[in-house]
Amino acid sequence: MFKKDLDLDIRWGKLLSGLENLLNKKPSDLNAVLFIIGVQELGQGHRPFSKEEKQDLMHIAVCKVLSLSGFYELAFIDQDGWPHWNLLKELPHLDSAEQEKLLKLHVLEYFEKEFETEIN
């Protein structure tokens, strides 16, 4: 199990470095990366977001990355361009460390698919 965690840490570090090169600012943590994904998935570009919108962007990102494993599916996009998701299957009950690991693995998969690259 330790090697898997080490591999995840290495891949995560490479993702953060790649995002830093792309954005000229290194994301501070998983939440920052989820925010970036949410903005990308919303497709309205960088603009000021309210606190509620920022929370919604994080939700969009979590649903999008977990849709890769069939937990969510896109239900519709509303008149303002915001995606809405349906839960397809219950998420496993995990402690916070395991939840973070699950999300990081899915975030890495998201970037590999979206940018057609491998993060090793």
Side-chain angles (χ1 to χ4, degrees):
M1 184 85 164
F2 177 74
K3 181 175 178 352
K4 284 184 182 180
D5 290 345
L6 182 60
D7 289 346
L8 176 59
D9 287 345
I10 290 168
R11 291 177 67 217
W12 186 254
K14 288 181 180 181
L15 173 64
L16 294 182
S17 294
L19 289 172
E20 180 178 20
N21 291 337
L22 186 65
L23 304 171
N24 295 321
K25 182 179 180 185
K26 188 174 185 175
S28 57
D29 58 13
L30 174 60
N31 287 333
V33 176
L34 289 171
F35 177 77
I36 292 165
I37 292 170
V39 171
Q40 174 70 23
E41 289 302 312
L42 181 60
Q44 296 180 0
H46 180 70
R47 64 171 176 82
F49 293 101
S50 69
K51 183 177 180 178
E52 183 178 327
E53 287 176 324
K54 289 177 183 177
Q55 291 172 338
D56 291 343
L57 288 168
M58 302 279 286
H59 178 71
I60 289 169
V62 168
C63 292
K64 174 62 180 181
V65 300
L66 292 179
S67 74
L68 299 172
S69 287
F71 288 105
Y72 289 91
E73 73 175 353
L74 182 62
F76 65 95
I77 298 176
D78 68 21
Q79 69 276 4
D80 297 321
W82 288 77
H84 295 264
W85 297 84
N86 287 332
L87 180 66
L88 295 179
K89 62 183 180 182
E90 288 297 316
L91 294 165
H93 294 284
L94 303 170
D95 64 32
S96 60
E98 290 294 318
Q99 285 177 15
E100 183 172 325
K101 191 183 304 183
L102 177 73
L103 283 171
K104 282 182 176 181
L105 287 167
H106 282 83
V107 165
L108 286 163
E109 183 180 354
Y110 169 84
F111 278 100
E112 287 178 336
K113 285 186 176 188
E114 289 296 312
F115 294 97
E116 298 177 352
T117 187
E118 273 193 56
I119 304 168
N120 292 331

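Just so it is clear, the values below take in all heavy atoms, side chains as well, and ignore hydrogens, waters and symmetry mates. For this chain, numbers begin at 1 and follow the sequence in order.
Counting only heavy atoms from C-beta outward, the side chains of D5 and K101 approach each other to under 4.5 Å. Looking at F49 and L42, their side chains come closer than 4.5 Å, going by heavy atoms from C-beta outward.
Residue K89 holds its NZ atom at 12.0 Å from OH of Y72, rounded to the nearest 0.5 Å. For the atom pair NZ of K14 and CG of D9, the computed distance is 12.5 Å after rounding to the nearest 0.5 Å. In this structure, L103 CG and H106 NE2 are separated by 8.0 Å, a value rounded to the nearest 0.5 Å. Taken to the nearest 0.5 Å, the NE2 atom of H84 stands 9.5 Å off from the CG atom of L74. A distance of 8.5 Å separates CG in L22 from CD1 in I36, rounded to the nearest 0.5 Å. Between atom NZ of residue K64 and atom NE2 of residue H59 there is a gap of 13.5 Å, rounded to the nearest 0.5 Å.
F111 and T117 make their closest contact through O-CG2, 4.3 Å (heavy atoms, listed as atom of the first residue, atom of the second, distance). Closest heavy-atom contact between L87 and F71: CD1-O, 3.4 Å. The minimum heavy-atom distance linking V39 with G45 is given by the pair CG1-O, 3.8 Å.
E41 places no side-chain N or O within donor-acceptor distance of the main-chain N or O of A61, the cut-off being under 3.5 Å.
Here N31 pairs with D29, L34, M58 under the side chain to side chain contact (heavy atoms under 4.5 Å, CB included) rule; sequence neighbours left out. Take N86 and apply the side chain to side chain contact (heavy atoms under 4.5 Å, CB included) test, not counting sequence neighbours, and it matches E73, A75.
L16 and I10 fall into different hydrophobic clusters, defined by Ile, Leu, Val, Met, Phe, Trp and Tyr side-chain heavy atoms under 4.5 Å apart, directly or through other members. One hydrophobic cluster, built from ILVMFWY side chains closer than 4.5 Å, cannot hold both L66 and L88; they sit in different ones.
Surrounding NZ of K51 are at most 12 heavy atoms belonging to other residues, nucleotides or ligands under 6.0 Å away.
Among residue pairs with one or both ends in residues 108-120, those qualifying as salt bridge (Lys or Arg N to Asp or Glu O under 4.0 Å) are R11-E112, E109-K113; sequence neighbours excluded.
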